[in-house]
Amino acid sequence: MSDPFFTPVSGFDLPRYAGIPTFMRLPHVPLDHPRLSEVQVGLIGVPWDSGTTNRPGPRHAPRQMRDASTMIRAAHGTTGFRPFEAANCADLGDVGPNPADILDSLDRVTRFYETVRAAGIRPLTAGGDHLTSLPILRALAADAPLGMIHFDAHTDFFDGYFGGTPYTHGTPFRRALEEGLIDPARVIQIGIRGTAYDSEDKDYARSHGVRIVGIEEFFDRGVADVMAEARAVAGAGPTYVSYDIDFVDPAFAPGTGTPEVGGPSSHQALMAARGLTGVNIVGADLVEVSPPFDAGGATAYLGVSIMFEMLCAMLSPKA
Ligand code: MN
Ligand code: MN
């Protein structure tokens, strides 16, 4: 029996284009709301892109994705699973970033997620560029390193940019590993491809035990087999999921800053997220949607559809 307060607005009651958009038409429960302690999964926007090294725009993604997410309905179309009846879900709002100060923004994100974690809420985030994941991990992995399943065209294991600047969207997992936020033996990266400057990022990750599944292996083996390995690598321990929309081929997801051709289709992208079912997910993010490059809105819609799959994976009973 689900609480009417935590039940999303139905398209049968109010047209999708009407009303003030929240993620998946859930109630807005800001951190000072009296019912915050009842929330089990919190959808959060992190509208910043100060770590972007190429085409910007993810600062606009949470608002665009809230609008696109009015298409999300109550039940999973294939499995029939009803995530909003399985747990109290709510839109916790946005982290207010400081677009003029990257270090201050990192701290603001961490403080927000410390509050979320202390309230016992599992966060499901719409970024933001991929640097968004680092301050979230600082809050969620404060006590012990997490496993991580990471979908991306890029490793984001670079050391520094532009003369050694440590904080960009190409460096979050290098910093996370250095800071002891992720356990490299329980980290798998899926979909890596594209031209390269050298192999330093991959060499560093592999030398610490990170498993990298390049795009050729992904296609050769297929989604189901790769996701079975991902579940095995993550194991039973607490695991973070980070999903960069540029994992998907830019034919399907053109609205992103650093596209790489030769990637998975929308369907394969959804099936990969569905393959997370059974993983002990303590938090997840969907990053790098860039609305200014998203003519027609397909990328934002795919992004929220992947978020819905991840939400179902977080709440479904083990397969
Ligand atoms: Mn990335
Ligand atoms: Mn990427």
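Any value given below was found using the heavy atoms of this structure, including those in side chains, with hydrogens, waters and symmetry copies removed. All of these numbers come straight from a predicted model, not from anything done at the bench. Both ligands and their constituent atoms are indexed starting at 1 by order of listing.
Residue Asp104 holds its CG atom at 4.5 Å from CG of Asn98, rounded to the nearest 0.5 Å.
Restricting Asp156 to its N/O/S atoms, the shortest distance to the Mn ion (ligand 1) is reached by OD2. No other N/O/S atom of His154 lies as close to the Mn ion (ligand 2) as ND1 does. Nearest N/O/S atom of His130 relative to the Mn ion (ligand 1): this is ND1. Restricting Asp244 to its N, O or S atoms, the one at the least distance from the Mn ion (ligand 1) is OD2. Sorting the N, O or S atoms of Asp152 by how far they are from the Mn ion (ligand 2) puts OD1 first.
The list of side chain to side chain donor-acceptor pair (under 3.5 Å) pairs with a residue in residues 197-208, not counting sequence neighbours, reads Thr155-Asp201, Arg174-Glu200, Ser199-Asp203. Applying the ring-ring contact (aromatic ring centres under 6.0 Å, His included) test to every pair with at least one member in residues 13-61, sequence neighbours left out, gives these pairs: Phe5-His33.
In summary, no N, O or S atom of Asp246 is located under 2.8 Å from the Mn ion (ligand 1).
Under 4.0 Å is where a charged nitrogen must lie from a carboxylate oxygen, and between Glu114 and Arg111 no such pair does.
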- Item | Check against ring pair (Phe, Tyr, Trp, His ring centres under 6.0 Å), Phe252 and His267 | CA-CA 10 Å; Phe252 300 89; His267 180 67; over 10 Å; no
